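Every value quoted in this text rests on a predicted model; they were computed, and no experiment measured them. We count ligands from 1, going down the list as the structure has it; atoms in each ligand are counted the same way.
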Amino acid sequence: MKKYMWRIAIPMALSLIFLFGCSPKEYNETSKKTSEDRVDVIEGEHAEVPQTSKNMNAVENQASPDEASKELDGSNKTDVIERDANSNYDVDFHLVIEAEDAAFTGKVREENRKSGYTGAGYLTGIETEEDTTTFHVTVPGAGAYDLNFRSVGNTGYKENNIYIDGEFVGVAKVDGDEFTDSIVKNVYLNEGEHDITLKKGWGWILLDHLEVTASGPADKSIYTVSTELVDPKATAGAKRLMQYLADMYGKYIISGQYGNRGIDGSEFKAIYQASGKYPAMMGLDFIEYTPSRVAFGSQGKDVDYAIQFHRQGGIVTFCWHWNAPEPYLYNTNEQPWWSGFYTRAANINLKKIMDGDDPEGYDLLIRDIDVIAEQLQRLQEADIPILWRPLHEASGGWFWWGASGPEAYIELYQLLYDRLTDYHNIHNLIWVWNGQNKDWYPGDEFVDIAGIDIYPGEHVYSSQGSGFNELVEWNGDNHKIIALTENGCMFDPDLAFRDNAIWSYFGTWGGEFITLNNTDTLSEKYTETDMLVKVYTSEKVITLDELPDLETYGE
Ligand code: CA
């Protein structure tokens with residue numbers, strides 16, 4: 001458990017909360033943290049931060065966004081690794097290795113009681129970290145391969161973790177009661193020998209065989225997306241930003257960083273000091289504007305930071321850690337009021353509210369939405385388009401808006417959409433959905449961008465292509481822009497291009513995910529400085545100085 005500091009001074013000082021690991025459990029295997037032991041860390045007292053500061057000069061002294069703007073049309077994409085250019089890559093490659101012929105450790109054992117397997121049987125007994133199965137595979141050429149861990153859960157839906165030569169590459173998911181396909185798609189393998197290992201995520205599967213199939217040439221059509229926003233009354237600024245995101249998509253990755261003290265906060269300073277670059281996108285949060293926090297003295301500042309960053313030419317994204325309304329908060333030592341966005345900290349039943357069985361609760365949710373609408377209104381008046389990512393990580397269930405299942409969540413999402421657009425006339429929003437599971441998708445008419453949050457652990461620089469590919473699949477032929485809406489450690493942009501998992505943007509979470517003890521020094525716990533500098537100075541990554549003038553873009 002992390003220590004936290006919490007001081008209420010007189011006059012009341014605003015405290016900042018950084019949340020640990022808004023991380024889907026399934027991607028968190030290599031990290032010690034899970035959703036259960038995520039802790040809120042109060043990063044220290046927030047004194048009044050002046051809205052302009054000496055460090056703004058650092059930005060102003062750079063070339064203006066216009067001057068510095070590269071010709072970002074993708075024509076100079078010469079160093080992109082074309083994964084299907086390897087001459088030995090055989091698009092017809094296909095190989096099956098029975099699990100019972102693979103190497104296994106721990107309590108893993110062979111069995112043949114359940115019918116439907118191939119070969120002589122299957123492996124069972126995957127229950128602890130020690131229980132691993134490793135397939136030794138040789139591929140003729142470098143390129144992308146689909147890995148099918150044919151299996152069945154014991155019983156029902158299961159997820160397990162896949163490693164190539166010790167590096168985590170994705171999650172194999174299996175559902176149903178019979179042996180079936182469980183495919184991790186588009187995994188890059190170098191020419192030659194590899195150890196492909198399945199380790200316990202949830203465990204409890206019967207593993208029949210591994211089938212390795214060449215994925216074939218990279219599908220670049222996924223990057224051709226509609227720029228039409230779901231809100232027919234979207235502002236010109238929102239449309240320009242969407243046009244820009246669509247134009248860059250598949251060619252460049254836009255850098256983003258959460259930092260709840262704005263461009264003068266430690267996150268942005270530390271990145272600038274290390275790389276000479278600022279992130280192009282700032283991630284902010286409406287958390288401290290939520291009425292049940294304001295009631296305890298919280299004071300939101302993030303809209304001011306957004307306005308400030310917009311003036312520097314940057315892109316702004318907002319999430320909302322929606323603290324449950326006061327009557328639902330336990331507010332005990334174990335579950336204090338300021339963790340009231342967690343399911344565990346509030347006795348709120350969204351299903352009851354959405355079913356009409358808690359009308360007072362419904363009114364309180366509307367009240368909260370209306371309060372946040374005022375802040376969005378301020379941003380609209382300042383003509384700032386927002387990548388708006390409400391009700392995030394719902395399917396994980398750790399936030400109350402995700403604790404009553406997908407139906408109630410989708411109703412709330414749609415209510416939020418209608419209330420903001422139709423009732424409050426807020427049209428500067430690009431709607432970013434981040435439900436983390438396709439069953440939680442509110443519908444194409446409510447989603448402009450599909451995002452996923454991935455915290456893969458420490459110093460894991462793989463492209464997170466399996467997460468990317470999942471979202472590609474959920475969207476089918478109706479391609480949406482796909483973003484890594486939150487990440488812990490950063491991915492290597494070269495690997496994202498190699499794996500055809502070119503995230504539109506990323507958003508590294510703040511606090512310890514980027515800085516050391518809330519200072520301007522980089523923490524290397526998740527991303528080492530060399531990798532951070534590589535990311536921020538990459539030809540493929542867009543930083544603040546490389547953004548075009550989004551006030552006139554495309555005109
Ligand atoms: Ca078998």
Side-chain angles (χ1 to χ4, degrees), residues 25-27 29-30 89-216 462 465-467 469-470 473:
K25 207 196 288 185
E26 64 264 34
Y27 290 106
E29 192 274 339
T30 52
Y89 183 72
D90 175 4
V91 292
D92 297 321
F93 181 82
H94 179 257
L95 170 75
V96 174
I97 301 176
E98 294 297 334
E100 60 275 19
D101 297 334
F104 45 90
T105 63
K107 293 199 196 68
V108 177
R109 61 187 185 278
E110 198 179 333
E111 212 179 65
N112 58 9
R113 281 187 295 188
K114 183 172 175 70
S115 62
Y117 58 81
T118 62
Y122 51 83
L123 296 181
T124 185
I126 303 164
E127 294 166 25
T128 73
E129 309 291 321
E130 314 303 318
D131 306 326
T132 70
T133 305
T134 299
F135 300 87
H136 194 72
V137 171
T138 303
V139 294
Y145 294 87
D146 292 350
L147 308 179
N148 179 8
F149 297 85
R150 189 170 191 270
S151 53
V152 58
N154 182 24
T155 55
Y157 180 79
K158 296 287 180 291
E159 300 181 356
N160 286 289
N161 298 315
I162 307 304
Y163 296 78
I164 305 292
D165 303 323
E167 183 175 298
F168 174 77
V169 293
V171 176
K173 304 177 179 186
V174 69
D175 206 357
D177 302 321
E178 303 299 331
F179 281 104
T180 187
D181 292 344
S182 169
I183 306 175
V184 180
K185 287 196 173 174
N186 290 306
V187 174
Y188 187 89
L189 297 176
N190 279 315
E191 181 178 333
E193 299 179 31
H194 298 282
D195 283 333
I196 300 177
T197 302
L198 181 143
K199 286 190 194 175
K200 176 184 177 283
W202 300 7
W204 300 102
I205 57 166
L206 312 181
L207 179 59
D208 181 18
H209 67 226
L210 168 66
E211 180 181 22
V212 182
T213 311
S215 311
S462 57
S466 66
N469 292 327
E470 239 179 86
E473 219 156 277

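Annotation: angle subtended at the Ca ion (ligand 1) by Glu100 OE1 and Thr118 O is 130°, to 10°.
Look at Tyr117 and the Ca ion (ligand 1): no N/O/S atom of the residue is under 3.0 Å from the metal. The Ca ion (ligand 1) lies at 3.0 Å or more from every N, O or S atom belonging to Gly119.
Glu470 and Lys185 are not joined by a salt bridge, as no carboxylate oxygen comes within less than 4.0 angstrom of a charged side-chain nitrogen. Ion pairing of Lys200 with Glu130 is absent here, as no side-chain N (NZ or NE/NH1/NH2) approaches a carboxylate O to less than 4.0 Å.
Of the listed residues (Thr197, Asp101, Leu95, Leu207), just one forms a side chain to side chain contact (heavy atoms under 4.5 Å, CB included) with Phe135, and that residue is Leu207.
Counting only distance, with no hydrogens or angles, the side chain of Asp165 and the backbone of Asp195 share a donor-acceptor pair below 3.5 Å.
No other N/O/S atom of Glu98 lies as close to the Ca ion (ligand 1) as OE1 does. Among heteroatoms of the N, O or S kind in Asp208, OD1 lies nearest the Ca ion (ligand 1).
Counting only N and O atoms by type, the side chains of Thr132 and Thr105 include a donor and acceptor under 3.5 Å apart.
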